[in-house]
Amino acid sequence: MTSTEPRVVGFPLRTPGEPFPPPRYEEYRRDTGLVLSYLPNGNKVWLVTRHEDVRAVLTNRKISSNPDHRGFPNISDTMGVPRQEQIPGWFVGLDSPEHDRFRKALIPEFTVRRVREMRPAIERTVEERIDAMLAAGNSADLVADFALPVPSLVISTLLGVPPVDRDFFESRTRTLVAIRSSTDQQRDTATKELLRYINRLVAIKEKWPGDDLISRLLATGTLHSQELSGVLMLLLIAGHETTANNIALGVVTLLLNPEWIGDDRAVEETLRFHSVADLVSLRVAVEDVEISGQLVRAGEGIIPLVAAANHDTDAFECPHRFDPARTERHHVAFGYGVHQCLGQNLVRVEMEIAYRKLFERIPDLQLAVPVEELPLKYDGVLCGLHELPVRW
């Protein structure tokens, strides 16, 4: 057990305008043990910054992802993001064995083989979005016109949303993530409208099943309809903005490093390099536990900092350099352990197709503003861009 006093730092951890990951993460990693902070509500929270320690936290049975436990770090309350209500099927907030039932039901839908079967549909979606941008002129906001609609439309195809409803589906998902331009009330309304729509869609699929994820899950009989609606909302919210942020940031990085355009290894390096889901894996100790020599008491919150782990010099050589040729492939951009992102195979394919098609179709794509003027997004728990002005 370490005898040194932990460093105590303020919260929130990021401020607008600073680089990401914040340079202070490197300072935190050098400290002995973990880094201590306090949420505005006074709750203690331990920040985990080293790659090895983050993986240890995400696999420790004495540490829970259930927000109902005393001391859980509900940081959305302090960062301008409305908390998602716990609804049946919201299984990321469950621990084993309850969590395992949902994950087991969903795993077959996101295998490499299943995602490979989706490639033609994803390619059509990407091509259609590029067609629309080209038809509109010689400039675009690549966030609004490409990065956001692509994952929303892919998810709608996966769920079997009829083509006639996809504009509604895409517009409501866009409102959910528009922290800058939509109000709390608008986002709450969009959430309720989407949940009502999903409930109706599940009811339709019960009567008239098709070749889609909802129909296949209903056929297994492992989830009741309310649970299934919650699962679908989770897939929508978890898979939409994270993928959009990765697409947009990856395009910028490739424009700045054009020697890697067309190299599929850029996908994996983009995931590590940007680590957009930095503050997603929130945890709380349910028993006393030792992490990196530091005693964490039951009821104390824990935040594994994904971006800090993915830029750890003990795990990655020159981690601040964008290098798709690097051999280290053990990043934690999708988390680690039993809660590792189910949709990671789908995200990788969406990113690979988006980059390849975009640069094939628009080879003279370029930023319309200096890179330092791009509006970085630090709202909530994700990193991304509010806008990405481009021209060709």
Side-chain angles (χ1 to χ4, degrees), residues 1-15 18-67 69-79 92-93 95 272 275-316 319-320 330-340 378 380-383:
M1 193 79 60
T2 182
S3 59
T4 60
E5 289 295 319
R7 174 196 281 248
V8 180
V9 301
F11 202 92
L13 305 177
R14 305 178 302 205
T15 56
E18 70 176 342
F20 187 81
R24 67 180 71 94
Y25 281 9
E26 187 172 353
E27 299 173 19
Y28 298 168
R29 282 194 302 269
R30 289 198 297 264
D31 287 340
T32 301
L34 309 187
V35 180
L36 179 61
S37 188
Y38 290 87
L39 300 179
N41 62 12
N43 284 354
K44 179 185 288 189
V45 62
W46 294 95
L47 310 177
V48 187
T49 60
R50 297 171 182 164
H51 185 271
E52 179 182 5
D53 296 338
V54 165
R55 298 216 299 186
V57 164
L58 296 178
T59 53
N60 195 308
R61 295 283 181 159
K62 295 180 180 180
I63 297 172
S64 171
S65 63
N66 190 331
H69 285 300
R70 176 179 59 88
F72 188 88
N74 286 309
I75 64 172
S76 56
D77 291 341
T78 70
M79 299 183 72
V92 293
D95 298 317
R272 181 204 68 83
S275 299
V276 301
D278 185 33
L279 300 178
V280 166
S281 300
L282 307 176
R283 298 292 188 268
V284 63
V286 291
E287 299 180 36
D288 290 357
V289 59
E290 184 178 331
I291 304 168
S292 192
Q294 174 66 55
L295 177 64
V296 177
R297 298 287 186 182
E300 294 180 346
I302 304 170
I303 302 180
L305 297 176
V306 168
N310 283 341
H311 285 255
D312 187 345
T313 54
D314 288 337
F316 303 95
H320 298 296
H330 54 295
H331 66 72
V332 290
F334 290 116
Y336 192 68
V338 296
H339 282 279
Q340 191 173 41
Y378 290 125
V381 298
L382 299 176
C383 171

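FYI, the numbering just counts along the sequence from 1.
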Practice problem: Evaluate side-chain contact (heavy atoms from CB on, under 4.5 Å) for Val57 paired with Tyr336, printing each intermediate quantity in order. | Solution: CA-CA 9 Å; Val57 164; Tyr336 192 68; over 6 Å; no
Quiz item: How close do Ile302 and Pro73 get, heavy atom to heavy atom, and via which atoms?
Solution: O-CG, 4.0 Å
Quiz item: Which pair of non-hydrogen atoms, one from Asn43 and one from Gly71, has the smallest distance, and what is that distance?
Solution: ND2-CA, 4.3 Å
Self-check item: Where His69 and Ser64 come nearest, the two heavy atoms and their spacing
Solution: CD2-OG, 3.1 Å
Quiz prompt | Pairwise distance OG1(Thr59) to CD(Gln340) - rounded to 0.5 angstrom | solution = 11.5 Å
Practice problem: Taking all non-hydrogen atoms of both residues into account, name the closest pair between Ala333 and Asn310 and its distance. | Solution: N-ND2, 3.4 Å
Quiz item: Rounded to the nearest 0.5 Å, how far apart are CD of Glu287 and CZ of Arg297?
Solution: 13.0 Å
Practice problem: Would you check if the side chain of His51 reaches a backbone N or O of His330 as a donor-acceptor pair within less than 3.5 Å? | Solution: yes
Quiz prompt | Between Phe316 and His331, ring centroids under 6.0 Å | solution = no
Practice problem: Please say whether more than 12 non-hydrogen atoms of neighbouring residues, nucleotides or ligands are located less than 6.0 Å from CD in Glu27. | Solution: yes
Exercise. Spell out, as yes or no, whether a donor-acceptor pair under 3.5 Å connects the side chain of Ser292 to the backbone of Leu34.
Key: no
Quiz prompt | CZ on Arg283 to CG on Asn60, rounded to 0.5 Å | solution = 11.0 Å
Quiz item: Can you tell me how far the CZ atom of Arg7 sits from the CZ atom of Arg24, to the nearest 0.5 Å?
Solution: 10.0 Å
Quiz item: So, the side chain of Ser65 versus the backbone of Val92: is there a donor-acceptor pair under 3.5 Å, distance only?
Solution: yes
Quiz item: With respect to Val35, which candidate in Ile303, Val9, Leu305 satisfies the side-chain contact (heavy atoms from CB on, under 4.5 Å) definition?
Solution: Val9
Quiz prompt | Minimum heavy-atom distance Asn66-Val284, with the two atoms named | solution = O-CG1, 4.3 Å
Practice problem: Indicate yes or no for a side-chain donor-acceptor contact from Arg29 to the backbone of Thr313 under 3.5 Å, with no hydrogens or angles considered. | Solution: no
Quiz prompt | Point-to-point distance, once rounded to the nearest 0.5 Å, from CZ of Arg50 to CZ of Arg55 | solution = 15.5 Å
Exercise. In sequence, state the C-alpha distance, the side-chain angles, and the governing distance for His311 and Glu26, and then conclude on side-chain contact (heavy atoms from CB on, under 4.5 Å).
Key: CA-CA 8 Å; His311 285 255; Glu26 187 172 353; over 6 Å; no
Practice problem: Let me see the working for Ile63 and Ile291 under side-chain contact (heavy atoms from CB on, under 4.5 Å), right down to the final yes or no. | Solution: CA-CA 11 Å; Ile63 297 172; Ile291 304 168; 4.0 Å; yes
Self-check item: Residues Trp46, Asp53; criterion side-chain contact (heavy atoms from CB on, under 4.5 Å); working and verdict
Solution: CA-CA 12 Å; Trp46 294 95; Asp53 296 338; over 6 Å; no
Quiz item: Which atoms form the tightest heavy-atom contact between Val332 and Val306, and what is the distance?
Solution: O-CG1, 3.5 Å
Self-check item: Identified side-chain hydrogen bond (donor to acceptor under 3.5 Å, both in side chains) partner of Tyr25 from the options Asp278, Thr49, Asp312
Solution: Asp278
